[in-house]
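Structure first, then comments.
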Amino acid sequence: MPDRAGPQLFSIPAHRAFADALAAGLIRRFGKDKLALARGIVLLPNNRAKRTITDAFVRASGGGLLLPRLVAIGDADGSEAADVAIDPAGDADPVPPAIAPLARQMILARLVSEERARAGTPIDAAEAVRLAGELARTLDQMLVEEVAPARLRHLEIAEELSDHWQRALAMFGVVLDRWPRELARLGRIDLADRRARLLHRLGARWSELPPPGFVCAAGITTAAPAIARLLRVVSEMPQGLVVFPGLATEMDEAEWQALGPHAPDPATGARRRSIETHPQFQLKLLLDRMGVNRGEVVTWREGGGHDASAGRGRAIANALAPADYTGKWTMLPADERRLGDVSAAILATPAEEAQAIALALREALETSDKTAALVTPDRALARRVAAHCARWGVAIDDSAGRPLSILPSGTMLTVLAEAAAQQFAPLALLALLKHPLVRFGDQRLAWLEGVRRLDLALRGPRPAPGLDGIAAYLAEGDRRAQIIRRPAAAWWPQAQAVLEPIAALFAAGPQPLDRLIAGVRETAQALCGDALWSGVAGRAAAELLAAIEAEATAGPALIEPHSLAPLLRTLMEDMAVRPPQGGHPRLAIYGLIEARLQTADLMILGGLNEGVWPGQPAPDPWLAPRIRIELGLPALDRRVGLAAHDLAAALGAPEVLLTRARRDARSPAIASRFWLRLEAMSGGLVRAAALEQWARTIDRPDRHAPADRPAPMVPIELRPKRISVTEVDRLKADPFAFYARRVLGLGPLDPVDADPSAAWRGTAVHAILEAWAKDDNCAPEKLRDRAQAMLNDARTHPMMRALWQPRLIEAIDWIAREMDKQVDQGRQVLAAERTGEIVIAGVTLRGTADRIDRSASGGLAIIDYKTGKAPSAAAVRAGYSLQLGLLGLIAERGGFADIAGIADGFEYWSLAKAGDSFGKITSPVDPAGKRDLIPTADFTTLAAHNFIAAAENWLTGDAPFTAKLAPDFAPYADYDQLMRRDEWYGRDQG
């Protein structure tokens, strides 16, 4: 080492590969004596950096090498355990142990919950845990920045805040008053506090007695005061040196000083705001806290072998200049604006962007020894890219991991808690029973067969709540319903037996958290077996549940069962599960933190949209932005500066590809501010046009052959010879739909847990009116009671009860009044919900009449109840909506037992709104044919003529079942996908 002439400070420029340059430089300086290199210590920001530097030493050595000791001093938030070099065993005056993060979150949740209850604004346990997590992060920032909580009491701006922030500040102060007492009771301190104390001791020890070997602090950008003091000590040690990543040593001094932090104005005391969104702000703050000048930093001599040009480094620095200094772009020479070997791809959607990135990664493998990496903060994009690479058999690891909340073991626990909290409502229940871990192994196929039967049975409105409600629902229903429900009812007891313990637990109301967790764990084990706890995700889930049970008593005393699922999800979202090593050795996917100090021959920077890179700053629910500034805490947008620094470092690879999508999953997207800066400064990014074209065309067929309008021909002997009056319109207007339903036997499935549809409401009303007619003899005073009983039934959908009840009761009352009036006029009810049939044109025509009356004239009146509007006269004139006429035809020909006569009345009793009330009687006929209506005497003849023509065409004839023959009278879309309607509709017209 040369003679010391002050602190030894170095910077590896952003266009060089940091890890490789560092390893090469340390080997050159200390590697002549292999033991000297082994006696050294390299301080690094985190454990990920240790792995990166280890790999770099292996590459640089070319053979065997005794590595220096690599020590992670930890991130600023203290999320990693301290290395033994920082926290030696056997210390005479040990630093108190740190409280476990989950224990702290639970205690803070209890304190927050108690204070909110005392303030008259209680919250549930899940929200308390979420707020406790935010509170812990804010507390960590105060500890890292060495801001004493007592300063909160001396702020002079509290009166200027809104009521919301004043309440939050007051509660924050109360909780912080109680928190030290909780720590003292446990004999623990905060992890961030402990790390700061350990770093202070280490600095003091090394100041008095430096280690025998060299000490190098490398890649550290955290500006925490404790770390800054330690780095100053290291830089002044006889064999100490500090190496910064990408410090802008050539940046203009005026720009550098504009970053801040700024001294207060002597006259006003006001401070000019720092530019915390700049990529160099964090490093400038670190130098200021170290008490050194940028001029003392020397450029590291060695390169890394995976370096970009120095010109690109200058161009990147110019592009990220402070806003007040971007005017210089127009005067920069071309070589200081040129982004050589940097290309950009703009894709239409995130799916297309993932496709393009996967293609670029796959192309890199065609070059021997070439490495490539995707860097993105968008984890959904990372997962999509990994899935696309799998199509070529290329496994690629996402080193940022995935949250436990979206992995199978995590989702199993949350869907189980959700299902129990919702009393096993159909959607939640089926999501649980279909989970991929349930009955994992040989039993799964048989289990899924039973679940599919249950899925079919639960189609439609929701049954009564609870496991017993489902059992009762499966046991009831008419003959048609029982055909579907009986197989599910035979299977259901084995699922019910497994779920009954947790159903009873959740039905008991608020419980201690550990009891709820134990119930979830035991039921999940019964459903999944050991498969739930296997693999890295399973082990993480098991460890989380064990930790929650251990710390549950420290949290809120009682938990509402419905809060358990969101509580678990909140805790799981903070747990990143990283895959074991085993992906392709030349490809990688990194998050922004994981990408620090990494390099590759090709770096792909994906997701460069505003709100993604940089991300939207997360709000602090505890401290207003003004208070954070007064306390000296980092501004909420400081992470934008860190994201900019990460971008600048990643742009230092030999070859770089930038990608973005024009829209996200919801709306058009705005290009990242970094993208716009690079584009404006360089005069336009070079487009990767070929890659964009590949991404668009790789899954596009070479030709488009749309289907023609289907018109299947069915042998006469296979054509249905029985038809309902309600199917005649479908046969005539959309023969293909009739074919799909009656010949192929395909029927649309109702959604699971469906809202009551118009058909369902119609069925319910018909059931009320049928029972009223058959059991109550149409007594007007009993109809309302029938309707009220249906609405009050536990099986009735809540939406029916809340939204439809007022209009239903009013319409029902109208029917009772109208019926009473018509009886007084001599009308007599003959039958309700009566089914009859006749043979006509070689086909059996059957139908069910809602009501058949004997009119005062002695004829038959055919009544059809409608919960919506009645068919229009135009449809009847066109030969459709002839249901009443066909029912009249069946009646006239003796198709209804014990009923005879001539049909001379055809009425729709509509329950829809008419003017200011509900209920209206309309008729498609008129005795004299007035208002362009069908003459009453001709109606059954017309209906018979139309039916015979249709039957001879499609039922006894050989006409093709053409799709959408009369689309104006075929409004339903149940079979549109089957007929591939969108491919041909309109194409064969005009």
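Just so you know, these numbers use all the heavy atoms, side chains as well, and skip hydrogens, waters and symmetry mates. For the single chain, residues carry numbers from 1 onward in sequence order.
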(message) Tell me the closest heavy-atom pair linking Thr414 and Leu568, and the distance in Å.
(response) CG2-CB, 4.2 Å
(message) Please check this pair: side chain of Tyr473 against backbone of Ala457, looking for a donor-acceptor N/O pair closer than 3.5 Å.
(response) yes
(request) Give every residue pair that meets the salt bridge (Lys or Arg N to Asp or Glu O under 4.0 Å) criterion with at least one member in residues 507-516, sequence neighbours excluded. (result) none
(request) Identify whether the distance between the nearest side-chain nitrogen and carboxylate oxygen of Arg817 and Asp813 falls below 4.0 Å. (result) no
(request) Indicate yes or no for a side-chain donor-acceptor contact from Thr523 to the backbone of Val520 under 3.5 Å, with no hydrogens or angles considered. (result) no
(message) Using modelled atom types and a 3.5 Å cut-off, is there a donor and acceptor pairing between side-chain atoms of Arg719 and backbone atoms of Val743?
(response) no
(request) Nearest 0.5 Å please: distance from the CD atom of Gln422 over to the CG atom of Asp753. (result) 8.5 Å
(request) Looking only at non-hydrogen atoms, find the nearest pair between Lys721 and Gly842 and report the distance. (result) CD-O, 4.4 Å
(message) Run Leu564 and Phe506 through side chain to side chain contact (heavy atoms under 4.5 Å, CB included) and show every step you take.
(response) CA-CA 10 Å; Leu564 182 61; Phe506 274 55; 3.8 Å; yes
(message) Please give me the minimum heavy-atom distance between Trp447 and Ala495, naming the atom from each residue.
(response) CH2-CB, 4.0 Å
(request) Take Arg834 and Asp850 through the test salt bridge (charged side-chain N to carboxylate O under 4.0 Å, His left out) and record every step on the way to the result. (result) CA-CA 7 Å; Arg834 177 71 64 87; Asp850 291 345; over 6 Å; no
(request) Indicate yes or no: at least one non-hydrogen side-chain atom of Leu437 is less than 4.5 angstrom from one of Ser409. (result) yes
(request) Apply side chain to side chain contact (heavy atoms under 4.5 Å, CB included) to the pair Ile862 and Ile852, showing each step before the final yes or no. (result) CA-CA 5 Å; Ile862 312 298; Ile852 302 176; 4.3 Å; yes
(message) If I compare all heavy atoms of Gly847 with all of Val725, which pair ends up nearest, and what's the gap?
(response) CA-CG2, 3.9 Å
(message) Just checking Lys964: does its NZ atom have more than 12 heavy atoms from other residues, nucleotides or ligands closer to it than 6.0 angstrom?
(response) yes
(request) Give a yes/no verdict on a cation-pi contact between Arg741 and Tyr975, requiring under 6.0 Å between NZ or CZ and the six-membered ring centre and an angle within 45° of the axis. (result) no
(message) Strictly distance-based, threshold 3.5 Å: is any side-chain N or O of Thr570 a donor or acceptor partner for the main-chain N or O of Pro566?
(response) yes
(request) Could you check Leu830 against Leu860 for side chain to side chain contact (heavy atoms under 4.5 Å, CB included), going step by step and ending with a plain yes or no? (result) CA-CA 9 Å; Leu830 298 180; Leu860 300 177; 3.8 Å; yes
(message) Measuring only between side-chain heavy atoms, which start at C-beta, is Thr962 closer than 4.5 Å to Tyr739?
(response) no
(message) If you define the side chain from C-beta out and look only at heavy atoms, does anything of Leu454 sit under 4.5 Å from Leu429?
(response) yes
(message) Tell me which one of Arg893, Arg722, Arg846 satisfies side-chain hydrogen bond (donor to acceptor under 3.5 Å, both in side chains) with Glu837.
(response) Arg722
(message) Once rounded to the nearest 0.5 Å, what's the spacing between atom CG of Leu886 and atom CZ of Phe947?
(response) 7.0 Å
(request) State the CG-CD distance between Leu499 and Gln494, to the nearest 0.5 angstrom. (result) 11.0 Å
(request) For the pair Glu549 and Arg521, find out whether any cationic side-chain nitrogen is under 4.0 Å from an anionic carboxylate oxygen. (result) yes
(request) Answer yes if the side chains of Trp533 and Gln525 hold a donor-acceptor pair under 3.5 Å, and no otherwise. (result) yes
(message) Nearest 0.5 Å, please: how far is CZ in Arg462 from CD1 in Ile470?
(response) 10.0 Å
(message) Less than 4.5 Å apart, side chain to side chain, heavy atoms only: is that true for Glu907 and Ile921?
(response) yes
(request) Answer whether the closest heavy-atom distance between the side chains of Leu731 and Leu955 falls below 4.5 Å. (result) yes
(request) Can you establish whether the number of heavy atoms outside Lys774 located under 6.0 Å from its atom NZ is more than 12? (result) yes
(request) Look at Glu418 together with Arg569 and state whether they make a salt bridge at an N to O cut-off of under 4.0 Å. (result) yes
(request) Give the intermediate values and the outcome of side chain to side chain contact (heavy atoms under 4.5 Å, CB included) for residues Ile812 and Phe918. (result) CA-CA 9 Å; Ile812 285 292; Phe918 289 91; over 6 Å; no
(message) Checking side-chain polar atoms at under 3.5 Å, does Gln977 have a donor or acceptor matched by the opposite partner on Asp982?
(response) no
(message) Using every non-hydrogen atom in the two residues, find where Ser405 and Thr411 come nearest and quote the distance to one decimal.
(response) O-CG2, 3.2 Å
(message) Please check this pair: side chain of Asp729 against backbone of Ser881, looking for a donor-acceptor N/O pair closer than 3.5 Å.
(response) yes
(request) Determine the interplanar angle of the Phe738 and Phe961 rings, folded into 0 to 90°, and report it as parallel if under 30°, tilted if 30 to 60°, perpendicular if over 60°. (result) parallel
(message) Taking the side chain as everything from C-beta on, heavy atoms only, tell me whether Thr844 gets closer than 4.5 Å to Ile723.
(response) no
(request) Would you check if the side chain of His435 reaches a backbone N or O of Pro408 as a donor-acceptor pair within less than 3.5 Å? (result) yes
(request) Compute the ring centroids of Tyr880 and Phe969, then answer whether they are less than 6.0 Å apart. (result) yes
(request) Please examine the side chains of Arg444 and Val438, heavy atoms only from C-beta on, and report whether any two atoms are closer than 4.5 Å. (result) yes
(message) Would you say that Arg383 contacts Ile406 through its side chain, given a criterion of any heavy-atom pair below 4.5 Å between the two side chains?
(response) yes
(message) One thing to verify: whether Glu127 and Arg130 come together as a salt bridge, which I'm taking to mean a side-chain N less than 4.0 angstrom from a carboxylate O.
(response) yes
(request) Can you measure from CG (Leu808) to CG (Leu911) and round to the nearest 0.5 angstrom? (result) 7.0 Å
(request) Check Phe896 against Leu887 and note the closest heavy-atom contact, atom names and distance. (result) CE1-O, 3.5 Å
(message) I'd like to know if the side chain of His562 and the backbone of Ala421 have a donor-acceptor N/O pair within less than 3.5 Å.
(response) no
(message) If we ignore hydrogens and angles and just use 3.5 Å, is the side chain of Arg402 paired with the main-chain N or O of Val577 as donor and acceptor?
(response) no
(request) Give a yes or no on whether a salt bridge exists between Asp864 and Lys866, defined as a side-chain N under 4.0 angstrom from a carboxylate O. (result) yes
(request) Output the distance between atom CD1 (Ile890) and atom CD1 (Ile899), rounded to the nearest 0.5 Å. (result) 11.5 Å
(message) So that I can tick it off, tell me whether Arg980 and Glu983 are bridged by a salt bridge, with the cut-off set at under 4.0 angstrom between side-chain N and carboxylate O.
(response) yes
(request) Decide whether a cation-pi geometry holds between Arg851 and Trp909; the criteria are a distance under 6.0 Å from NZ or CZ to the six-membered ring centre and an angle within 45° of the ring axis. (result) yes
